[in-house]
K.L.:
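For reference, the structure I am asking about is given below.
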Amino acid sequence: MDLSEVKIYTTFDSFEADQVAATLEYYGIPSYKKVKGSGQYIGIIMGHMTTHEISIYVPEEVAAEAADILTEAVFLREEP
């Protein structure tokens, strides 16, 4: 089993990151959030908007499916 992971989404809004993770979970795609620096602690103090990057990662083998789902859900934009 390949355990490689791919960053599929980046935001500075923890609420948005939770929505993306919930959307992926609904479709059966596992994901996890990774916050750069002290972003988790700052998020507690400042609320949903942070000054730190929040990235969503998915297994590499489902990255294309995850991108399609997030595009359909209007989290990602299709390239022209």
K.L.:
Does the pair Tyr57 and Lys34 meet the rule for a side-chain contact (heavy atoms from CB on, under 4.5 Å), with working shown?
P.N.:
CA-CA 8 Å; Tyr57 288 82; Lys34 186 174 182 182; 3.8 Å; yes

K.L.:
Can you name the closest pair of heavy atoms from Pro59 and Pro30 and give their distance?
P.N.:
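What the structure gives for the nearest pair is CD-O, 3.3 Å.
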
K.L.:
Any side-chain heavy atom of Thr23 sitting closer than 4.5 Å to one from Phe75?
P.N.:
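Yes. Closest side-chain heavy atoms under 4.5 Å.
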
K.L.:
Quick one: do Ile8 and Tyr26 end up in the same hydrophobic cluster if we chain Ile, Leu, Val, Met, Phe, Trp and Tyr together by side-chain heavy atoms under 4.5 Å apart?
P.N.:
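Yes, Ile8 and Tyr26 fall within the same hydrophobic cluster.
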
K.L.:
Within the 3.5 Å criterion, strictly below it, is a donor on Thr10 or Glu53 matched to an acceptor on the partner's side chain?
P.N.:
no

K.L.:
What heavy-atom pair brings Leu24 and Ser31 nearest, and what distance separates the two atoms?
P.N.:
CD1-CB, 3.9 Å

K.L.:
What do the steps show when you test Ile56 against Leu70 for side-chain contact (heavy atoms from CB on, under 4.5 Å), and what is the final call?
P.N.:
CA-CA 12 Å; Ile56 306 289; Leu70 295 181; over 6 Å; no

K.L.:
Taking all non-hydrogen atoms of both residues into account, name the closest pair between Glu16 and Thr11 and its distance.
P.N.:
OE1-OG1, 3.0 Å

K.L.:
Using a cut-off of 6.0 Å, state whether more than 12 heavy atoms not belonging to Glu72 lie near its atom CD.
P.N.:
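Open: at most 12 neighbouring heavy atoms sit under 6.0 Å from CD of Glu72.
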
K.L.:
If hydrophobic clusters are built from ILVMFWY residues whose side chains come within less than 4.5 Å, do Val6 and Val20 share one?
P.N.:
no

K.L.:
Under 4.5 Å between any side-chain heavy atoms of Ser14 and Ile54, yes or no?
P.N.:
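A side-chain contact under 4.5 Å exists here.
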
K.L.:
Under 3.5 Å, is there a donor-acceptor pair between the Tyr32 and Glu5 side chains?
P.N.:
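Result is yes, a qualifying pair exists.
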
K.L.:
Go through Lys33 and Asp18 one step at a time and tell me if the side-chain contact (heavy atoms from CB on, under 4.5 Å) criterion holds.
P.N.:
CA-CA 8 Å; Lys33 294 187 297 185; Asp18 290 342; 2.4 Å; yes

